[in-house]
Structure formats: structure tokens, C-alpha cells
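What follows is a short report on a single structure.
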Protein chains: 2
Amino acid sequence: MSTQQQAVKTSRREELLAIAAELFAQRGFRNTTVRDIADAAGILSGSLYHHFDSKESMVDEILDSFQTELFRKYEEVVSSDLGVRAKFEAIIRISFEAIHDNHSEVAIYQNDAAYLVEFDRFGYLNERNLRMRRIWVGLLEEGVRSGTFRPDLDAEVVYRFIRDTVWVAVRWYRPDGDLSAHDVAEQYLSILLDGIAARRRPIKKSG
Amino acid sequence: MSTQQQAVKTSRREELLAIAAELFAQRGFRNTTVRDIADAAGILSGSLYHHFDSKESMVDEILDSFQTELFRKYEEVVSSDLGVRAKFEAIIRISFEAIHDNHSEVAIYQNDAAYLVEFDRFGYLNERNLRMRRIWVGLLEEGVRSGTFRPDLDAEVVYRFIRDTVWVAVRWYRPDGDLSAHDVAEQYLSILLDGIAARRRPIKKSG
DNA sequence: GTCTATAGTAGGATAGAC
DNA sequence: GTCTATCCTACTATAGAC
């Protein structure tokens, strides 16, 4: 949360955060002990407290810095002069790039945010959720008005559908796997926009 | 896992399991203590061990009995003489009914299965995942062959998309809320099959 | 079927030496 | 910046009385 140092080069602090992030992502925040983190860093658990106040401080710094950057990208798209559909596609693509580039951070958010928001310290996660919801619902409603999106769907349900569908992919997506984030994004966009049915709403089946 | 009793009427055992399931669903398995469960049941933690071997036994029994029933319903649809599209819709609807009727069990599975499968005891969860994958990919490929589904999508990606999208809804769906599982299922089916775009693959925007 | 009492383990965090 | 040593707390599970 706070700017501790100049942070020009990769500090020990940042090294430790990267190690912690990977462990939190793999095992979950509660299921990762400070001893696990210290072991992975090759030091003893007590030494971690020279760098951080607490285990919570670590996950806080990890999530906050990731989200700040992510929202910057979102806002850039939203405030651009792109059309609704282009904005929609850009936000989805940015999200899959985040799953690729910041896999640990996204995994931590998906697995542990529900637990963390119970603490005051992580209230900012809720605020950003709301901001995200407003961005999406606004975009969907504008798209309906402009004839880009179907008018017969509930924007709130569609928002939850898209949000969950995109981010939950962090569970199976592997940054070093054969399937690229780009390819996944294109397939997901195609399904979200056009569906998987070969033809739309067949009235009657012929066979 | 084992049939302890005749189980004709709601036994104390089943009462305790229901209490545990709700707590596991709310707080997560690891974050629920045997003391929490005992407190909620109005007894002391030691007394729980008169009914169950361990905390793991409790979650085991909860998940296994739920999944057994769910798969029975799936297999019934799969082996029916319904068409591909009707089977697809039936499986989605059964899933949302499960989210409604067995909200705790689905939530536990979504939140804790990844952790539980690390233990031999919960290996059956992996087996059922594979079975589910085979059911879905088989159905999707059959649908492509019969012209029901688009041929340009990767069945594996579509399977993951659908599976995650449906089950992750347990995070926000409330069995006692205004939005019924039926309505959610219909909207999700509509998006999955036809997408949210007003028209398919517009070549050029006119406005 | 529940209680009392407790064993045994593991966790987050701290103080001060090096 | 790391180590040694340790405090305090909380957890799962057990043994035997009632």
C-alpha cells in the first residue's frame, strides 16, 4: 500500500513478494504459512518480519499494485473514443492478458478475495468491484441502446456471466501452456458474442 | 462414504452434516474449525467425534452423496433418446437446479475441491471430473457433427467455458433471492447458445 | 450422546544477538 | 538482512467420566 523505497531495481522486498505471490496462488492465502514463504526464499520465518509487518501486508501489496495497474488499463479503454463493441473486446482481451502476465495475482484474487474483504484493510477490493460493475453494466446498457447487444437480456446477469467466465479461467489457463491467452480470448469473445449454436433460435427441429 | 445406519429418518448425524455443510460453504473447509461446527450444533467439539472420525470424513460424506445423486441425473439425460440440443439444455438446467437445491455442496466443491483432491481419500473427485469432461466433450462433438453447434470452436475450450461459467454462479446465486435458478438457467442458456451480440459477426458497422 | 480435560501440533509474530 | 529462541494462540483429536 505504501511506497517503501525508490524501487528502482528489483529489491529483496520485491523478490520476496514474488515468492509469496506464487505460493499464495498455488495453495491459497490461509494455507500458506510464513514458514513456507521463508523456506522458499531460503531464510527463516522471523527474518520475513524485517521486510513486512505481517502476512496480510504481503498479500495486500501484491493485490493492490496489480489491481491499480489493471484498472488503469480499463479506464484507458473506457474513456477512449472506441465504439461499444471495440471497448467490449478490448476489456476482455486486457483481462486475458492479465491472466497470462499476472497469473498469481489473479489466482489469489479469485481464491481469497472473498475471505480478505472481511477485513477493513481490504475494503478497497469492494470499492473496485463496484467500479468494475459500473463499467460493465454501463457498457452493456449503452450497447443495447446502440443496437450492438441483444435487448432481451438482463444487464446485471450478463455482467456476472462475463465477469465470472473470464476470471475463473485462471483455474485452468497455464501461462506456459500450448494454448495462448490470445487464442483463449478470441474463442471466449466469439462464444460470448455469438454463442455456440450453429444457427440462432431454431423454431422447430427438422430431424 | 459408508452406510452407517438405516437412515430412515433424519438422524443426528445428518443434522450435524447439514450444519457442517453450511459452515464449510460459508467459510471454506480449512477455515471452519470443528469448534465452529460443534458451537453451531450446540455441543462441544469433542462430542463431534462420537459421530465422525474426522473433519475430513464430514466433508467427504457431504460431497460424495451430493455428487452421486447429481451424476445419476446427468447419466439419465445422456442415455436418453433426446437430441443433442435438448440434452445440452437439460444438463445446464440440472446444474442450476443443483446450485439452487444443494447450494452448500456446490459451494464447497467450487471452493475446496482443488485442495481436497490432493488427498488419496478424495481421488474420486478426479474420476468424476474426467467422467464429466467425457460427457461434455462427447456431447459437443456430436453436436458439431449433427450441425447443432458451430464447427469452428475448440470443444475442449468450450467445455471449460461452460463448466466454469455454470458452476461459478454459485458465488453470487442466492437460493432465497429474487432471481430464480430457472430464470438464470434460461439466460445462461440463451447467452451460451446465441451470444449477446444483436447480430452475428457484423462485417462493418453502419453507424 | 455429551461432557471434562488435555495431549500434541502448528501457526503468526516478537526481541535481541550477530 | 538474517538467525536464534520463544511467546501466545488456535487447531484436530483422544480418553474416560457421566
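A quick note: this is a predicted structure, and the numbers were derived from the prediction, not measured. Chain letters run A, B, ... following the sequence lines, proteins first, then strands; residues in each count from 1.
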*asked:* Going by side-chain contact (heavy atoms from CB on, under 4.5 Å), name the residues that satisfy it together with Glu89(B), two or more places apart in sequence or in a different chain.
replied: Arg85(B), Arg93(B), Leu189(B), Leu193(B)
*Integer-rounded Å distance: dG12(C) P and Phe52(A) CZ*: 15 Å
*Using whole Å, report how far CG of Leu44(A) lies from P of dG12(C).*
15 Å
*Return the value, rounded to whole Å, for the distance between atom CG of Leu23(A) and atom C1' of dG11(C).*
16 Å
*Residues in side-chain contact (heavy atoms from CB on, under 4.5 Å) with Tyr49(A), at least two apart?*
Val34(A)
*Salt-bridge test for Glu61(B) and Arg13(B): reply yes if a basic N is under 4.0 Å from a carboxylate O, no otherwise.*
yes
_Pairs satisfying ring-ring contact (aromatic ring centres under 6.0 Å, His included), at least one member in residues 67-86 of chain B, at least two apart_ = Phe71(B)-Tyr74(B)
*For Asp164(B), salt bridge (Lys or Arg N to Asp or Glu O under 4.0 Å) partners two or more places apart*: none
*Just jot down the side-chain contact (heavy atoms from CB on, under 4.5 Å) partners of Gln187(A), sequence neighbours excluded, or say none.*
Leu153(B), Asp154(B), Val157(B)
*Going 5' to 3' through nucleotides 13-18 of chain D, assign each nucleotide B (protein heavy atom under 4.0 Å from a base atom), S (under 4.0 Å only from sugar-phosphate atoms) or - (no protein heavy atom that close).*
BB----
_Between dG1(D) (P) and Glu15(A) (CD): distance, integer Å_ = 11 Å
*Any side-chain N or O of Arg30(A) under 4.0 Å from OP1/OP2 of dG11(C)?*
no
*Tell me: CG of Asp36(B) to P of dC11(D), nearest whole Å?*
7 Å
*So, is His50(B) close to the dG1(C) phosphate, meaning a side-chain N or O under 4.0 Å from OP1 or OP2?*
yes
_Starting the side chain at C-beta, find the nucleotide from dC3(D), dG12(C), dT12(D) nearest to Ile43(A)._
dC3(D)
